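Model, not experiment: these values are computed from the prediction. Note that these values count all heavy atoms, side chains included, but never hydrogens, waters or copies made by symmetry.
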Amino acid sequence: MSLNLGSGSASTVAAREEVSQSANSWLSLLSSKIEELQNISAASDAAAIHEARRKLDCELEGLIQTVRAVRMRRNTLSPVHRLPPEILAMIFSFLADEYPPRRFVSYGLSKLGWITVTHVCHHWRQVALDNPSLWGRDVCSHTNCSLVEERLARSKQSLLSIGSFYSADAVEWMPLMRTVFEEMHRIQDLSLTGEQEYLTNLLIEHFSKPAPFLHTLRVTTSWGYIQTPLAPVVSLPTNLFSGNAPRLRELVLVNCTTPWQPWIFTNLVHLEVTIAEYASRRGLPTPEHLLSLLDVMTYLKFLKLVNVLPAEDGASLEESSMDHIITLPSTLHTFHLAGEARPNSWFMQRLVIPPLAHVYIELTSPDPDVETCHLSLPSLARHIATYAEPLKSISVDGRGSFFLILKAWTFVLADKEFRDQDAIFPALVESSPPPDQDPIVTIVFRWQSQKSNIDVLSQTLQTLPVDEVQALFVKDSPHETQFTVAAWTNTLGRLRAVRSVSVHDNGAWDFFKALILPEPSQSGLLDPKLLFPDLRHITMRHVNFRAYVYDAQVSVADGMQGVLMQRLPENYGLELLEIHRSRIEMEDIKKLEELVPFVEWDGESSVFPSETDTDDEVADLHDVFGHDLFYDDFDDGWNEGVFFEDHDEYDGMEEMFFF
C-alpha cells in the first residue's frame with residue numbers, strides 16, 4: 001500500500017516528512033551494512049563481484065522479510081482480525097464445501113478453490129493449517145497425486161471424505177486411489193464412479209480393509225456412451241470391509257450390487273439401489289431375501305429400489321411361500337420403487353408403508369394392460385387409507401403415449417405451487433424429508449407399445465380413494481388429444497367434489513365440451529350428470545384459443561364462450577378464470593369478463609403452446625461465475641509442482657468484498 005503524498009494539507013506535508021525520516025533511517029542502516037562493498041565495481045575481479053552479489057542478495061532477502069513482517073503486523077489491525085479463529089475456520093469450511101480444488105484434464109486447467117484463502121495473509125493461512133478437517137474434505141477433488149498427498153498429510157488424523165470420478169483422461173486415477181485407500185481406517189464419506197473393469201480391480205484390492213468410521217458409501221458403474229444389453233455391473237467383494245463398518249448409515253449403489261449380508265443393512269438410514277434397465281441382473285437378491293433385509297432396517301428413512309427385483313413371471317412369485325408382511329419403520333419419509341409391474345406389485349403387497357412417507361412408484365409393463373398395471377393399486381389404496389387427511393389434489397399427465405403419471409396431495413394445491421415443483425420425480429434431499437409441497441403419492445405407469453392410457457387411468461381412479469379431491473391438474477399431449485369428451489366425462493368425471501381445474505397444453509376444447517350438460521341419449525357417455533357441479537376455478541395454460549375447431553366451425557375461444565353461456569342456467573357458479581402463456585386476443589378476454597366474475601390474464605397473446613411448463617430460464621453458469629474461478633497462482637509455484645508455500649504478505653484486507 002502506498003501513501004498519497006501529493007502536495008496539499010498540513011497533514012500531508014507532515015506525512016511526507018515522516019516517510020522521509022523513516023526512509024533515511026533505513027538507508028543509513030543499509031549503508032552501514034554494505035559499506036565494505038563500496039570499493040567493489042563491475043571492473044573488479046570475478047571472485048570479488050560474485051561475493052558482493054551474494055552479500056547484496058542476502059540483504060535484499062532480509063529487506064523482503066522485513067517488509068513482509070511490517071505488512072503482517074499492519075494486517076493484524078484490519079477489521080477481519082476481530083473474528084475469532086474458530087469463526088474464521090467455520091467460514092473456511094463452508095467455502096471448502098462450495099469451492100473444492102478442481103483439475104480439468106481435458107482443458108489443461110486447474111484451480112485451487114478454497115485453498116486460495118491460504119494465500120491472503122499469514123493469519124488466514126495459519127488458521128487453515130491449524131484445522132486438519134479442512135484438508136480432509138473431498139480430498140480427490142483435484143487429481144494431482146502430489147496435491148492429494150499433501151492434503152492427506154495436512155489432514156493429519158481427521159476423518160476424510162473421498163469423491164472420485166474415473167475418466168479415460170485421468171491416467172493417474174489408479175495410483176491416486178491406491179494412495180487414498182491406504183487411509184481406509186479414517187474415511188468417513190466415500191463416493192466412487194468409474195468403468196466396470198477399473199472399479200472391480202479397485203474394490204477387490206482395497207475394499208477388504210476395515211472401515212470403522214465409514215458413514216456413507218456410494219459406488220456407480222458407468223459404461224460411457226455404449227449401452228449394451230446385459231451390461232455387467234460391479235459387485236462389492238464378499239469380504240466387504242472384513243465385516244467391520246459399524247458406522248455405515250448411507251449406502252447408494254448405481255449399477256452395483258452388494259453381498260446382501262444383514263450386517264451391512266442393519267444400521268442403514270438411507271438405502272438406494274438403482275440398476276439400469278439394460279444392465280445385467282446378476283447378483284441381485286430374491287424378493288424374499290430383500291424383504292428379510294428390510295425387516296432388520298429399523299432406522300431407515302429413505303428407501304429407493306429401481307429395477308432391483310428380477311423380472312420373473314407372476315406365476316413363480318405367486319407360488320412363493322413368503323406370506324410374512326414386513327412393516328417398514330415409522331421413521332421412513334421416502335419410499336421409491338420402480339421396475340417390472342408384476343414383481344414390484346407382489347413386493348408391495350407384502351409391505352406396510354408408514355402413513356407419513358412420500359411414495360413414488362414407477363411400474364413398467366409391455367402393454368397398458370389394466371390387470372398388469374394395477375396389481376399394485378390395492379396396496380396403494382390400503383396405504384392411502386392410513387393418511388390422517390384424505391386426498392385433496394390430483395394431477396394427471398397424459399402427454400406421452402407410452403406413460404401415464406398420476407400425483408396426489410392431501411391438501412388443495414394452487415396452480416403456481418403445482419408448476420413450481422412439477423416433475424416426474426421431484427429432487428429428493430437425501431438427509432431430510434421431501435418438501436411439504438411434494439406429492440404424497442406419485443404413480444408412473446410405463447409400457448412399451450403406444451396405446452391409449454385412459455383405461456389405465458379409469459381403473460386407477462376407481463381403486464384409489466378420490467371422493468374428496470377438490471383440485472385437478474390435467475396435462476394433455478400437445479400433438480395428440482388423450483383426454484376426449486368421453487374421457488373427461490367417464491373417467492375424470494368420477495371426481496365429483498372438484499372445485500378447481502387446471503388444463504395444460506392440448507385438450508382445452510374437449511374439456512369445455514364436456515362441461516355442457518349432455519343429453520341422456522348421447523352415446524359413449526357414462527352418466528348424463530353435470531361434470532364438476534361444484535366447479536369454481538378454471539386455469540388454462542399453453543392453450544391456443546385461436547385454433548379453429550372444424551367439427552364446431554368455431555375457434556376455441558368462441559366455443560368456450562358458448563359453453564359458459566349454456567352452463568349458466570344450471571347454476572354454474574364459476575368465480576375465477578385464469579389464462580396464462582396462451583394465444584388469445586384482448587377481445588376474447590373482454591367477452592369472457594362478461595361471463596365470469598373474475599378473469600386473470602398475464603397479457604400474453606402470441607405464445608405458442610409448449611411441451612414444457614416452466615417459466616424459468618436456465619442461467620448460463622459460465623456467464624454467472626465467469627473466468628475468475630479458473631485461478632492459477634503462478635507466484636505460488638503452481639507450475640513447478642510446489643504447493644502452499646508462504647505467500648508474500650500484502651495488504652489485501654481492505655479490498656475484500658465483505659469489508
Does the side chain to side chain contact (heavy atoms under 4.5 Å, CB included) test come out yes or no for Ile361 and Val359, once each step is laid out?
-> CA-CA 6 Å; Ile361 305 296; Val359 177; 3.5 Å; yes

Do the side chains of [Y] and [X] get nearer than 4.5 Å, heavy atoms only?
X: Ile326; Y: Val352; value: no
X: Arg249; Y: Leu268; value: no
X: Leu351; Y: Phe335; value: yes
X: Tyr360; Y: Lys304; value: no
X: Phe411; Y: Glu389; value: no
X: Leu294; Y: Leu303; value: yes
X: Leu406; Y: Thr460; value: yes
X: Asn255; Y: Val234; value: no

How about Asp467: does its CG atom have over 12 heavy atoms from other parts shown lying under 6.0 Å from it?
-> no

[atom1] of [X] to [atom2] of [Y]: how many Å apart, nearest 0.5 Å?
X: Leu595; Y: Met560; atom1: CG; atom2: CE; answer: 9.0 Å
X: Cys256; Y: Ile275; atom1: SG; atom2: CD1; answer: 7.5 Å
X: Thr274; Y: Asn307; atom1: OG1; atom2: CG; answer: 8.5 Å
X: Leu592; Y: Leu564; atom1: CG; atom2: CG; answer: 6.5 Å
X: Glu587; Y: Lys591; atom1: CD; atom2: NZ; answer: 5.5 Å
X: His270; Y: Phe302; atom1: NE2; atom2: CZ; answer: 4.5 Å

Got a donor-acceptor contact below 3.5 angstrom from the [X] side chain to the [Y] backbone?
X: His336; Y: His358; result: no
X: Trp601; Y: Glu604; result: yes
X: Ser458; Y: Ile454; result: no
X: Ser379; Y: Leu377; result: no
X: Ser393; Y: Leu413; result: yes
X: Arg281; Y: Ala279; result: yes

Apply the side-chain contact (heavy atoms from CB on, under 4.5 Å) test between Leu404 and each candidate in Ile443, Val396, Asp397; give the one that qualifies.
->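 Testing each of Ile443, Val396, Asp397 against Leu404, the sole residue satisfying side-chain contact (heavy atoms from CB on, under 4.5 Å) is Val396.
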
Provide the closest heavy-atom pair for [X] versus [Y] in the form atom of the first, atom of the second, distance.
X: Pro329; Y: Pro354; value: O-CG, 3.3 Å
X: Asp510; Y: Phe483; value: CB-O, 3.4 Å
X: Asp602; Y: Arg581; value: OD2-N, 2.6 Å
X: Ile440; Y: Ala357; value: CD1-O, 3.7 Å
X: Phe532; Y: Leu492; value: CE2-O, 3.4 Å
X: Phe347; Y: Pro287; value: CE1-O, 4.0 Å

Passes salt bridge (charged side-chain N to carboxylate O under 4.0 Å, His left out), Glu272 versus Arg218? Steps please.
-> CA-CA 9 Å; Glu272 180 177 347; Arg218 301 180 181 89; over 6 Å; no

Carefully, step by step, assess Val466 and Ile394 under the rule side chain to side chain contact (heavy atoms under 4.5 Å, CB included).
-> CA-CA 9 Å; Val466 295; Ile394 281 184; 3.5 Å; yes

Verdict with reasoning, Lys407 to Trp409, per side chain to side chain contact (heavy atoms under 4.5 Å, CB included) | CA-CA 7 Å; Lys407 304 177 187 178; Trp409 296 259; 3.7 Å; yes

Take Leu472 and Val474, measure what side chain to side chain contact (heavy atoms under 4.5 Å, CB included) needs, and give me the verdict at the end.
-> CA-CA 7 Å; Leu472 173 63; Val474 178; 3.8 Å; yes

Is Arg446 paired with Glu362 through a side-chain N to carboxylate O contact shorter than 4.0 Å?
-> yes

Residues which pass side-chain contact (heavy atoms from CB on, under 4.5 Å) with Asp588, listed by chain and number, not counting sequence neighbours = Arg546, Ala557, Asp558, Gln561, Ile584, Glu585

Whether His383 and Tyr387 hold their rings parallel, tilted or perpendicular, with breakpoints at 30° and 60° | perpendicular

Parallel under 30°, tilted from 30 to 60°, perpendicular over 60°: which one fits the rings of Trp488 and Phe511?
->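 Plane angle between 30° and 60°, so tilted.
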
Test item: side-chain donor near acceptor, Thr331 and His333, under 3.5 Å | no

Under 3.5 Å, is there a donor-acceptor pair linking the side chains of Ser502 and His504?
->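 Checked: Ser502/His504 side chains pair up, N/O donor to acceptor below 3.5 Å.
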
Run the numbers on His537 and Glu578 for side-chain hydrogen bond (donor to acceptor under 3.5 Å, both in side chains), then give the verdict.
-> CA-CA 8 Å; His537 180 190; Glu578 292 187 54; 2.8 Å; yes

